[in-house]
Amino acid sequence: MEYDGIHQFIPTPINMKHMIVKNPDKRVKAISGIRINPGKDESLYNLVEDLYPICRSITGDGVRKSIQIIKKWIPLQVREIPTGTEIFDWTVPKEWNIKDAWIKNSNGEKIIDFSRSNLHVVNYSIPVDKEVSLEELKQHLYTLPDQPDLIPYIKSYFKEQWGFCLSHNQLTSLKEDRYHVYIDSTLKEGSMTYGELLIEGKSTDEVLISTHICHPSLCNDNLSGISVAAHLAQSLFDEELRYSYRFLFIPATIGSIAWLAQNEDTVGSIKYGLVLSCVGDSGNITYKKSRQGTAEIDRIVEQVLGHSHDKYEIREFLPFGYDERQFCSPAFDLPVGCFMRTPFGEFPEYHTSADNLDFVKPEALADSLSKLTDIIYVIENNRKYLNLNPKCEPNLGKRGLYRLTSDNKKIEINQLAILWVLNLSDGKNTLLDISERSDMNFNTIKQAADALESVQLLERMS
Ligand code: ZN
């Protein structure tokens, strides 16, 4: 809620007519010079489209191919960790690759074809090439009886087996026959691949943005996070950044465990972190707090969402979900929350063939990116200031506190925000503290601080 009834509280000789400065275009926002423009919707969606056909898994060429596509947007470093590498209580698994798979009936007709949907094969299936009866085949088939039109997404990383996924309707239509099952896959020594990008800022303190890259043709649960993270990284390039930004595109769970195992000594640099997942559906934003619960990132996300004028939900930490489970494991306890729209498992399309290009919306991707940009704006600009005229209120009227818009129009700075900033800038409070206490938008508080700094009434402390 913006405060808009302040007149009786302002005993200063300034113009009482105040104006809350709002950006007329919600998606055009200067953030330390970073601009998110409306054309991003299409670009965000295009990256999802480009990645959609690829069969990814926690290892293999699907991830490598995906990273090569993401590299058209940002210069990701490709990391490879060999099979068998010990990573805490886990071991990097064998590498899985697949070329083709199908089931043919006795007439030689392909009734299931991997080239039509990579969800048809149980992810990590071992190779098979044999004839089976319907009864035996059924022991290797997976369906969703409650969603009979959809193909489920099934994986078997740790048990070596083969299997196919299909709609329940198709299963019930299968007749007694001899079926030829064929999976041309390999599961052997190789490596696990992930992508990493560090954008260096003035400080070595880091902001971590992590997203998983291991799902096959599923759009919201996976590709949305990849696309939004890539575009967020792209928007930070060529900017004067206060913090360094580390982006990870990693296989879920095993990837974050591997990254933490390899970077154990330096993870203390991470001061803020967000795991992105399911950020392309039409639902509202949901934020799951870090294990710490009151970390600055938790407060910042709550501040941004609370002033966004959109519905949102904040959830407490739960040791279940995406890679925040690893980043927030007790030995690390990093300030990393999970930024989502509709959480996994809470939309019927989750882990099915219905999580497709129709389910993800360009405007939802753009809205997620826009809110993340707002969050980064607060991270970049949250600092303490010192009031240089702390003995009673300074005479603001003679100083004319305005800001200039892009077309050189003067906009008066919110006067209550000015008073809040002056009053609480005693060297102890950050702008975020002031925003929370005043219940005012961070941007409004920041504009007031900028205006006061420009007339030498305020000094930055860090
Ligand atoms: Zn998933």
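Whatever order the structure lists ligands and atoms in, that order sets their numbers, starting from 1.
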From CA spacing to verdict: side-chain hydrogen bond (donor to acceptor under 3.5 Å, both in side chains), T342, D281: CA-CA 7 Å; T342 308; D281 65 278; 2.6 Å; yes

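Only protein N, O or S atoms were scored, and 3 of them lie under 2.8 Å from the Zn ion (ligand 1).
Relative orientation of the H351 and Y153 rings is perpendicular, given thresholds of 30° and 60° on the angle between their planes.
When each of R64, R79, K94 is checked for a side-chain hydrogen bond (donor to acceptor under 3.5 Å, both in side chains) with S191, only R64 meets the rule.
Salt-bridge check for E324 with K288: passed, with a basic side-chain N closer than 4.0 Å to an acidic carboxylate O.
Residues passing the ring-ring contact (aromatic ring centres under 6.0 Å, His included) test with W420: none are found, sequence neighbours excluded.
Between Y287 and F339, the ring centre distance reaches or exceeds 6.0 Å.
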